[in-house]
Amino acid sequence: MLWADAKKARRIKTNMWKHNIKFHQLSYREMEHLRQFRRDITKCLFIGIVSIPPFANYLVFLLMYLFPRQLLVKHFWTPKQQIDFLDIYHALRKQSHSEIMSYLERVIPFVSEEKFRGHLTNLCTKMQSGTHPAVQDILALRECFSHHPLCLNQLQALQMKALSRAMLLTPYLPSPLLRWRLKTHTTVIHQLDRALAKLGIGQLTAQEVKSACYLRGLNSTHIAEDRCRTWLGEWLQISCSIREPELSLLLHNVVLLSTNYLVTRR
């Protein structure tokens, strides 16, 4: 399966080179395939490098057996591991949610316009009460996230670390690299959203819908497909309404839109 993914990624890249196509001009499935393959191949390259020394491959096999979540890509996970590991990853990113919300509360006095201070206060109050915010509640803050102190270029180091954990990115990088990686990752998701809106959620399979929701912060493993489609529709409505200077809102939306969304456990 991994080899088939590699051949497909090569065909996509070759077609991009021949026809001078940029990443954001690809179809949704082509963009998503390249994004996921890049993450998979990075993990595989690490295993390959560790295996270079003589007889190190024996140690690598042992490590892969002991730490399959950290060292193996999803192709090598059992069906049960796929569910368990996704739950573990979501639990890790969920630990940062309260920290991100606390930061939003702390910066309310520093927001320049009074109407945005009121909107942000109401949103934080709803989140704390366990209410799932409406799309319009979040979109009302669009401009707020394009200026100090909530735009991407103004975020503090601790907030960027918390947001990195919420996006399942390593937080152990210098602030400039954290900011660059968050911006790059959010831009890719924004481009994926526009391609998905063009394709239509109804064209996605059940597994594609759940994968799309999980990437955007929702633990879709235990949520019915129809609820996943509803949530993904809300996400796209927000994402397709914002501009590039407002990408910080999309980044925070990983927490705002998923924290209080009702889930149905098995």
Side-chain angles (χ1 to χ4, degrees), residues 1-13 29-97 99 161-173 177-178 181-182 184-186 188-189 192 204-225 228 231-232 254-255 258-259 261 263-266:
M1 289 187 292
L2 185 62
W3 180 246
D5 282 353
K7 291 193 294 184
K8 183 177 179 180
R10 182 180 179 182
R11 287 197 301 269
I12 296 172
K13 295 292 289 185
R29 287 191 172 95
E30 288 175 332
M31 292 171 67
E32 175 59 20
H33 185 85
L34 285 184
R35 185 201 67 81
Q36 185 60 52
F37 181 73
R38 287 170 183 168
R39 293 177 66 89
D40 291 344
I41 202 64
T42 299
K43 187 176 285 190
C44 291
L45 285 175
F46 172 77
I47 293 294
I49 293 173
V50 174
S51 303
I52 291 177
F55 306 106
N57 55 315
Y58 297 108
L59 175 62
V60 169
F61 281 125
L62 177 62
L63 292 175
M64 288 191 296
Y65 177 77
L66 296 175
F67 306 102
R69 177 172 63 86
Q70 293 86 349
L71 298 179
L72 295 179
V73 296
K74 61 181 181 180
H75 299 301
F76 301 96
W77 295 349
T78 66
K80 184 179 184 303
Q81 285 177 329
Q82 291 187 21
I83 296 174
D84 293 344
F85 292 168
L86 290 180
D87 283 343
I88 291 172
Y89 279 127
H90 184 73
L92 290 173
R93 65 184 179 186
K94 193 175 180 180
Q95 292 174 2
S96 63
H97 286 194
E99 186 177 347
K161 290 180 182 294
L163 288 167
S164 295
R165 290 193 296 271
M167 299 292 280
L168 293 179
L169 301 173
T170 177
Y172 308 111
L173 293 173
L177 286 179
L178 279 178
R181 196 171 188 197
L182 283 172
T184 301
H185 190 70
T186 310
V188 169
I189 292 179
L192 280 168
L204 298 184
T205 65
Q207 183 56 46
E208 287 176 328
V209 169
K210 286 183 175 288
S211 296
C213 289
Y214 193 91
L215 170 65
R216 292 158 177 81
L218 184 71
N219 188 11
S220 52
T221 310
H222 305 285
I223 303 180
E225 180 188 343
C228 288
W231 186 90
L232 189 57
V254 171
V255 176
S258 66
T259 299
Y261 194 68
V263 299
T264 304
R265 291 280 175 178
R266 294 179 300 167

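Listed by first then second residue, pairs satisfying salt bridge (charged side-chain N to carboxylate O under 4.0 Å, His left out) with a partner in residues 212-222 read Asp193-Arg216, not counting sequence neighbours. For residues 59-82, the set of pairs meeting the ring-ring contact (aromatic ring centres under 6.0 Å, His included) definition, not counting sequence neighbours, comprises Trp77-Phe85.
Side-chain atoms of Val73 and Cys44, non-hydrogen and from C-beta on, do get closer than 4.5 Å to each other. At least one side-chain heavy atom of Leu34 sits less than 4.5 Å from a side-chain heavy atom of Lys13. The side-chain heavy atoms of Trp231 and Ser258, taken from C-beta on, include a pair separated by under 4.5 Å. Looking at heavy atoms from C-beta onward, Met31 lies out of side-chain contact with Val188 at the 4.5 angstrom threshold.
With rounding to the nearest 0.5 Å, the separation of CG in Leu92 from CG in Asp87 is 11.0 Å. Going from atom OG of Ser220 over to atom CD of Gln207 covers 8.0 Å, rounded to the nearest 0.5 Å. Atom-to-atom distance recorded for Ile189:CD1 and His185:NE2 is 4.0 Å, nearest 0.5 angstrom. Here the NZ-CD distance, from Lys74 to Gln81, works out to 14.5 Å after rounding to the nearest 0.5 Å. The distance from atom CG of Leu218 to atom CD1 of Ile223, rounded to the nearest 0.5 Å, is 3.5 Å.
Contact record, Leu71 with Ile47: O-CG1, 3.6 Å, taken as the closest heavy-atom pair. Across Lys210 and Thr221, no two heavy atoms sit closer than the pair NZ-O, 4.3 Å. Shortest non-hydrogen contact noted between Arg181 and Thr170 is NH1-CG2, 3.1 Å. Across Leu2 and Phe37, no two heavy atoms sit closer than the pair O-CE1, 4.3 Å. Across all non-hydrogen atoms, the minimal contact from Pro171 to Lys161 is O-NZ, 3.1 Å. The two residues Val254 and Ala166 come nearest to each other via the heavy atoms CG1-O, 3.8 Å.
Under the rule for a side-chain contact (heavy atoms from CB on, under 4.5 Å), the partners of Thr184 that lie at least two apart in sequence or sit in another chain are Trp180. Taking Leu59 as the reference, Leu63 meet the side-chain contact (heavy atoms from CB on, under 4.5 Å) condition, with sequence neighbours excluded. Taking the side chain to side chain donor-acceptor pair (under 3.5 Å) definition, one finds that His97 meets it with Thr259, sequence neighbours left out. Legend: residues meeting side chain to side chain donor-acceptor pair (under 3.5 Å) with Ser96, ordered by chain and number and at least two apart, are absent. Judged as a salt bridge (charged side-chain N to carboxylate O under 4.0 Å, His left out), and not counting sequence neighbours, the contacts of Glu32 are Arg35. For Glu225, the side chain to side chain donor-acceptor pair (under 3.5 Å) partners at least two apart in sequence or on another chain are Arg229. For Arg39, there are no salt bridge (charged side-chain N to carboxylate O under 4.0 Å, His left out) partners, not counting sequence neighbours. Considering only residues two or more places apart in sequence or on other chains, Leu168 meets the side-chain contact (heavy atoms from CB on, under 4.5 Å) condition with Tyr89, Arg93, Tyr214. Applying the salt bridge (charged side-chain N to carboxylate O under 4.0 Å, His left out) criterion to Arg165, with sequence neighbours excluded, gives Glu99. Residues meeting the side chain to side chain donor-acceptor pair (under 3.5 Å) test with Lys80, sequence neighbours left out: Asp84.
Within 6.0 Å of the CZ atom in Arg10, the count of heavy atoms belonging to other residues, nucleotides or ligands does not exceed 12.
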Apply side chain to side chain contact (heavy atoms under 4.5 Å, CB included) to the pair His222 and Leu86, showing each step before the final yes or no. CA-CA 10 Å; His222 305 285; Leu86 290 180; over 6 Å; no
